[in-house]
Amino acid sequence: MLNKKDQRIIRQMIRHIRTFPLSDSEIKQLERDLTGMALEAEKRGEDFEDVLDMTPTEFCDELLYSIGGSKAPGGRYLLKGAGIYYQLTGILGTALFSLILLLALFYTIIIPSELAQTGLLVLFVAAIGLTFFWLSLSFGNIAERDCGTTEKSAQLVNNGKILLVTAVIFDIVVTLYMIFNAGASVGHFNYKLPLLMQVIIFFSCYMPAILYIIGAKRNLPREYVAYSAKTEHSLRMSGALFR
């Protein structure tokens, strides 16, 4: 049984390994090998960190590179960053549109008034916005959670495409609203406002979705060197296995 310090180190190493595009079976095998290393070190009365001769994360990097040339891909960082962005915007947007939805329900159903017709329109817009931001929050959670899981990269690509399509729909709706509503209310159409909105929408909606897709595509499964035949040899070469 590993002591608490070594258990903590193993957990740290496995968390780091999970950020690589490896299959579940490869990760489990690595966990067994690293646990075996720690147990061997304990039996000899040696400190596990001294046996590693480097930080746990550095050892994982060197080990994975020696096994199959797998270095930490940029895709996982793009996915994780996009996932965090969508989580934050999803939380803020869901909270805001939930409030708008409640207000629209209040003015439309509970106390019908001259605002009822406007309330129905706001109710519809709030429902669409709530759906969009809930989707962003959900896909953001999935991206951050699965950014290092190779088998789920194809689904993440599809999620990114859905986010991109919703961004296009949102862009079209906003542009049409400004042309037919905002322009009519002031008697003329100001082209500066749509141009500014396009810049905002590009960086807040299009760019994160594009980064999401790029990250997922870079994380798609690739050809690996056969793990089972090389693991023990690589660990022996690095001084990791002791008999």
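- Minimum interatomic distance between L2 and A38 (heavy atoms only, all atoms of both residues): CD2-CB, 3.4 Å.
- Judged purely by atom type and a 3.5 angstrom limit, N141 uses its side chain to pair as donor or acceptor with the backbone of L137.
- No side-chain heavy atom of F133 sits less than 4.5 Å from a side-chain heavy atom of S138.
- Clustering ILVMFWY residues whenever any of their side-chain heavy atoms sit less than 4.5 angstrom apart, transitively, puts L163 in a cluster other than the one holding I84.
- Linking Ile, Leu, Val, Met, Phe, Trp and Tyr whenever their side-chain heavy atoms come within less than 4.5 Å puts M37 and L39 in one cluster.
- A heavy-atom distance below 4.5 Å is not found between the side chains of M207 and I201.
- E58 CD to L63 CG: the interatomic distance, rounded to the nearest 0.5 Å, is 13.5 Å.
- When all heavy atoms of Y86 and C205 are compared, the pair lying nearest together is OH-O, 3.6 Å.
- Residues S136 and G90 approach most closely at CB-CA, 4.4 Å, considering heavy atoms.
- The two residues P208 and Y85 make their nearest non-hydrogen contact at CG-CE2, 3.3 Å.
- Under 3.5 Å, the side chains of Q7 and N3 contain no donor-acceptor pair of N or O atoms.
- Under the 4.5 Å side-chain contact rule for hydrophobic residues, L211 and V168 share a cluster.
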*Carefully, step by step, assess V51 and R44 under the rule side-chain contact (heavy atoms from CB on, under 4.5 Å).*
CA-CA 11 Å; V51 171; R44 295 189 307 275; 4.1 Å; yes

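- A continuous path of ILVMFWY side-chain contacts below 4.5 Å connects F132 to L130, so both sit in one hydrophobic cluster.
- The side-chain contact (heavy atoms from CB on, under 4.5 Å) test with T35 is passed by exactly one of I14, L30, I10: I10.
- Using a 4.5 Å heavy-atom threshold, the side chains of F48 and E42 count as separate.
- In the model, Q198 has a side-chain atom that pairs as donor or acceptor with a side-chain atom of D171 under 3.5 Å.
- For OH of Y206, the number of neighbouring non-hydrogen atoms (other residues, nucleotides, ligands) closer than 6.0 Å is greater than 12.
- At least one side-chain heavy atom of Y212 sits under 4.5 Å from a side-chain heavy atom of F139.
- We find the CG-CG distance between N159 and D146 to be 9.0 Å, quoted to the nearest 0.5 Å.
- Here C147 contributes atom SG and K80 contributes atom NZ; the two are 5.5 Å apart, rounded to the nearest 0.5 Å.
- To the nearest 0.5 angstrom, L164 atom CG is 6.0 Å from I210 atom CD1.
- The hydrophobic clustering, which links ILVMFWY residues whose side-chain heavy atoms are closer than 4.5 Å, places L96 and L102 apart.
- Checked by atom type and distance alone, the side chain of T94 never pairs as donor or acceptor with a backbone atom of I91 at under 3.5 Å.
- Looking at every heavy atom in both residues, A143 comes nearest to G83 through CB-CA, 3.8 Å.
- When all heavy atoms of G215 and L79 are compared, the closest pair comes out as C-CG, 3.8 Å.
- Looking at Q29 and R32, their side chains do bring a donor and an acceptor atom within 3.5 Å of each other.
- Side-chain atoms of T55 and E49, non-hydrogen and from C-beta on, never get closer than 4.5 Å to each other.
- To the nearest 0.5 Å, the span separating CD on Q87 from CD on E144 amounts to 4.5 Å.
- The closest side-chain heavy-atom distance from L34 to I17 is below 4.5 Å.
- Atom NZ in K28 sits 14.5 Å away from atom CG in D33 (nearest 0.5 Å).
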